[in-house]
Amino acid sequence: MEHNHVNSIKDLIKIREDYEREEWRFSHQVLVCGGAGCVSSDCRAISEAAAETIEELGLAENTALKETGCMGTCAVGPVMLIMLNSIPKIGQPNKAPGL
């Protein structure tokens, strides 16, 4: 999904529709915080480990791995939020198997 210019409300609606269509392809999402605090806590390693684990478990077809902006919990970073069928599962990556 690539959009270069937004010239009208019609363009915005198209972007939203494309985004929603893409999002609904995945039943699971793994969101890794990419805010400054988590970057300094090596969130990249968490993201890479999550990608490897998703692949190893055969979940790549239905799992989106995304880096987000700050989630607001910098003191416990790096932060990862796992959404299984739109239900959030919160945990510390350093205590999750394979991550």
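FYI, side chains are in, hydrogens and waters are out, and symmetry mates aren't considered; it's all heavy atoms of this structure.
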[X] side, atom [atom1]; [Y] side, atom [atom2] - distance, nearest 0.5 Å:
X	Y	atom1	atom2	result
L65	I46	CG	CD1	11.5 Å
L59	F26	CG	CZ	12.0 Å
K66	C33	NZ	SG	15.0 Å
E55	E61	CD	CD	9.0 Å
I13	D18	CD1	CG	12.0 Å
I82	Q29	CD1	CD	11.5 Å

- Message: For the backbone of C43 and the side chain of S47, can you confirm whether one donor and one acceptor N or O come within less than 3.5 Å of each other?
- Response: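 Checked: no pair found.
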- Message: For M71 and L31: C-alpha separation, side-chain torsions, deciding distance, then whether side chain to side chain contact (heavy atoms under 4.5 Å, CB included) applies.
- Response: CA-CA 10 Å; M71 292 186 189; L31 309 175; 3.8 Å; yes
- Item | Pairing of D11 and K14 as salt bridge, 4.0 angstrom limit |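 Salt bridge: no.
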- Shortest non-hydrogen separation from G77 to C38 and the atoms involved: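 The answer is CA-SG, 3.8 Å.
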- Where is the tightest heavy-atom contact between V30 and A50, given as atom of each residue plus distance?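 Where V30 meets A50 most closely, the heavy atoms are CG1-CB, 4.3 Å.
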- Task: Decide whether L84 and M80 are clustered together by the hydrophobic rule: side chain heavy atoms of Ile, Leu, Val, Met, Phe, Trp, Tyr closer than 4.5 Å, transitively.
- Result: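 Yes, L84 and M80 fall within the same hydrophobic cluster.
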